[in-house]
Student: 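Questions regarding the structure given below will be posed in turn.
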There are 2 protein chains.
Amino acid sequence: MINRKCIIRLSRYKSALKRLKALGFVKVFSGNLADAAGVTSSQVRKDFSLFGITGNRRGGYNVDELIERIQEILGKNELQKVVLIGAGHIGNALLRYKGFETGGIKIMGAFDIDPEKVRSDGEVPVLPLEEFHEFVHKHSIRVGILAVPDVAAHHVSEIMIGAGITGILNFAPIQLRGAEGVIINNINLEVELENLIYFVNASEKTGKKG
Amino acid sequence: MINRKCIIRLSRYKSALKRLKALGFVKVFSGNLADAAGVTSSQVRKDFSLFGITGNRRGGYNVDELIERIQEILGKNELQKVVLIGAGHIGNALLRYKGFETGGIKIMGAFDIDPEKVRSDGEVPVLPLEEFHEFVHKHSIRVGILAVPDVAAHHVSEIMIGAGITGILNFAPIQLRGAEGVIINNINLEVELENLIYFVNASEKTGKKG
DNA sequence: GATTAAATGATATTTTTATCACAACAAAAG
DNA sequence: CTTTTGTTGTGATAAAAATATCATTTAATC
């Protein structure tokens, strides 16, 4: 019942709530959240009921409580430690991305096979790949970001899984197959752009939004 | 009937086909493609039927023809020109990302509001934001990548739409609302990681894959 | 050339996901 | 204290998506 799309909506509700809070909202109704997140109010309430989130009949939901509750569900009330393999362009961009830290996610260390990329002077150390296994165990890390070239991706994913990683966010443009008990979330930039281009071309032909 | 998920699968079939071609395959069956793309054979044939792609009964599909046909559908037989706003860390990583060019997508120019980021010595020029409108018109560009900080995202999206962009790939961590006739594809890195973390935590508790 | 085997393509079925509709309830008003 | 108003929470309903089924057709074999 609780699936990926549902959790993604939960994340969106959270963002929307933070914006509403910044605007001074103290309580919200399902309709407000629905508008802010681009769904229906029924959807919001249904999602909440799945997670046992309850509000006050006629009184809506308390913004602070709701944010707290969603963060709790998303596991964001404690710092989520992750690790990164591949300190190339995308890897480096992710290392410097500020959005993670404000969201309670901390990249503890980065790893690369290229000795030239290794450095410990930055905010996050870039270490040689040999130290990966030990590092992951020492910090009890379960989630890793994979940002290596496609040819290395499969091999590196096996290293990650071998070290005890059970969730991989994969930026390499190949579809990694999830081993038993390992969750893989593939982000394929080319596919995303291709997709967009298709619908833009399609709407140019038909003159309407696809 | 033809929706986002369907086009994404089409992209995946294309990647799979290219791999199969590299392995020497001349023809494939729906089952082969299904395995390679991680779906069922029925799904493959269903998708194909939506686009009028036909094969040979008992003979499967010719790999070259199939790739050609899919590329045609995805509009990839001609170079797809795109533009980028925001030459920060993520923007720069995208500029240097090789996967686009091999896939028939070319970032024609990048734009930034910060004069220090402007440079025309690279492979792709980074230009001041003032030149955006003219550039987009000159090159008849319809698709843009948005990689600016969240506070600027909405404003920049309006600049893009004002210049005639009808498809935006948004990396800013806010949910941009699609104006009439404008298609927006949001990639929210934090949401993706959050999602992964949720399912990893959930599977640790229950001991099974979420 | 007839027969057999195997994959397609169309249709039917199942499963999943989202929406609707309304009873239950709490706050506000009278 | 009673009535009205308006929102939640959820079971029922509808829509959409994925999967299974199977007749049809075609390549390969004999």
Side-chain angles (χ1 to χ4, degrees), chain A residues 1-13 16-17 20 25-70 73 175 177-178 195 198-199 209-210, chain B residues 1-13 16-17 20 25-67 69-70 73 175 195 198-199 202 209-210:
Chain A
M1 275 294 158
I2 292 172
N3 57 23
R4 213 180 110 77
K5 282 174 105 170
C6 187
I7 298 293
I8 285 179
R9 282 196 300 267
L10 212 58
S11 282
R12 295 209 194 292
Y13 300 152
L17 281 165
L20 293 171
F25 279 61
V26 173
K27 66 178 186 177
V28 289
F29 303 126
S30 57
N32 302 141
L33 262 177
D35 291 343
V39 297
T40 65
S41 60
S42 296
Q43 180 84 78
V44 172
R45 295 199 301 276
K46 195 86 188 224
D47 284 338
F48 284 1
S49 87
L50 272 176
F51 293 101
I53 295 176
T54 62
N56 311 304
R57 295 203 185 211
R58 187 166 175 159
Y61 305 82
N62 177 285
V63 173
D64 282 329
E65 281 173 20
L66 197 47
I67 291 175
E68 181 71 11
R69 189 79 187 82
I70 293 178
I73 291 164
Q175 185 88 340
R177 293 308 203 93
N195 199 256
Y198 172 86
F199 285 108
K209 193 172 159 184
Chain B
M1 275 292 160
I2 292 172
N3 58 22
R4 213 179 110 76
K5 280 174 104 169
C6 187
I7 299 293
I8 284 179
R9 282 197 300 269
L10 212 59
S11 281
R12 295 209 196 292
Y13 299 152
L17 281 164
L20 293 171
F25 279 59
V26 173
K27 66 178 187 180
V28 289
F29 304 125
S30 57
N32 303 140
L33 264 176
D35 291 344
V39 297
T40 64
S41 59
S42 292
Q43 180 84 78
V44 172
R45 296 200 299 277
K46 192 89 182 237
D47 286 338
F48 284 2
S49 86
L50 272 176
F51 293 101
I53 295 176
T54 62
N56 312 305
R57 294 203 186 211
R58 190 171 171 155
Y61 305 83
N62 177 284
V63 172
D64 282 328
E65 281 174 19
L66 197 48
I67 290 175
R69 189 79 187 82
I70 292 178
I73 291 164
Q175 185 89 339
N195 199 256
Y198 172 86
F199 285 108
K209 193 173 160 183

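A quick note: this is a predicted structure, and the numbers were derived from the prediction, not measured. Heavy-atom basis, side chains included; hydrogens, waters and symmetry copies ignored. Here is the naming used below: chain letters follow the sequence lines, and residue numbers restart at 1 for every chain.
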Student: Check the distance between D:dA18's P and B:Lys5's NZ and give it to me in whole angstrom.
Tutor: 5 Å

Student: Would you mind reading off the distance between B:Arg58 atom CZ and D:dA23 atom C1', rounded to a whole angstrom?
Tutor: 16 Å

Student: Give a yes or no on whether a donor-acceptor pair under 3.5 Å exists between the nucleobase atoms of C:dA7, that is its base, and the side chain of B:Arg57.
Tutor: no

Student: Between C1' on D:dT8 and CG on A:Asp47, what's the gap in Å once rounded to a whole number?
Tutor: 15 Å

Student: Taking only the side-chain nitrogens and oxygens of B:Asn56, find out if one of them lies under 4.0 Å from OP1 or OP2 of C:dT8.
Tutor: no

Student: Please report the distance, rounded to the nearest Å, between CZ in B:Phe29 and P in D:dT26.
Tutor: 15 Å

Student: Taking side chain as C-beta onward, heavy atoms only, is A:Tyr61 less than 4.5 Å from A:Val44?
Tutor: no

Student: What is the distance from CG of A:Leu66 to C1' of D:dT8, rounded to the nearest Å?
Tutor: 13 Å

Student: How is A:Thr54 classified with respect to the nucleic acid when contacts are heavy atoms under 4.0 Å: base, sugar-phosphate, or nothing?
Tutor: sugar-phosphate

Student: So, for A:Phe199 and B:Ile2, which heavy atoms are closest and what is the spacing to 0.1 Å?
Tutor: CE2-O, 4.2 Å

Student: Does C:dT19 have its OP1 or OP2 closer than 4.0 Å to a side-chain nitrogen or oxygen of A:Thr40?
Tutor: yes

Student: For A:Tyr61, report the nucleic acid contact type (base, sugar-phosphate, nothing); a contact means any heavy atom under 4.0 Å.
Tutor: sugar-phosphate

Student: Does a side-chain N or O from B:Gln43 land closer than 4.0 Å to OP1 or OP2 of D:dA17, or not?
Tutor: no

Student: Return the value, rounded to whole Å, for the distance between atom CZ of B:Phe48 and atom P of C:dA7.
Tutor: 15 Å

Student: Just the rounded figure in Å: distance from C1' of D:dA17 to CD1 of B:Ile8.
Tutor: 15 Å

Student: Look at all strands and tell whether A:Arg9 reaches a base, only sugar-phosphate, or nothing, counting heavy atoms closer than 4.0 Å.
Tutor: sugar-phosphate

Student: Heavy atoms only: give me the nearest B:Ser30-B:Arg45 pair and the separation to one decimal.
Tutor: OG-NH1, 3.0 Å

Student: Any donor-acceptor pair, under 3.5 Å, between the side chain of A:Lys46 and the base of D:dT10, if you only look at N and O atoms?
Tutor: no

Student: Check whether any side-chain nitrogen or oxygen of B:Ser30 sits under 4.0 Å from OP1 or OP2 of C:dT8, and answer yes or no.
Tutor: yes

Student: Give me the atom names and distance for the closest heavy-atom approach of A:Phe51 to A:Cys6.
Tutor: CE1-SG, 3.8 Å

Student: What's the CZ-P distance between A:Arg45 and C:dA18, to the nearest Å?
Tutor: 16 Å

Student: State whether the distance check finds a donor on one side and an acceptor on the other, under 3.5 Å, for side chain A:Ser42 versus base C:dA18.
Tutor: no

Student: Sort out for me which residue in A:Ile53, A:Asp47, A:Ile8 forms a side-chain contact (heavy atoms from CB on, under 4.5 Å) with A:Tyr13.
Tutor: A:Asp47

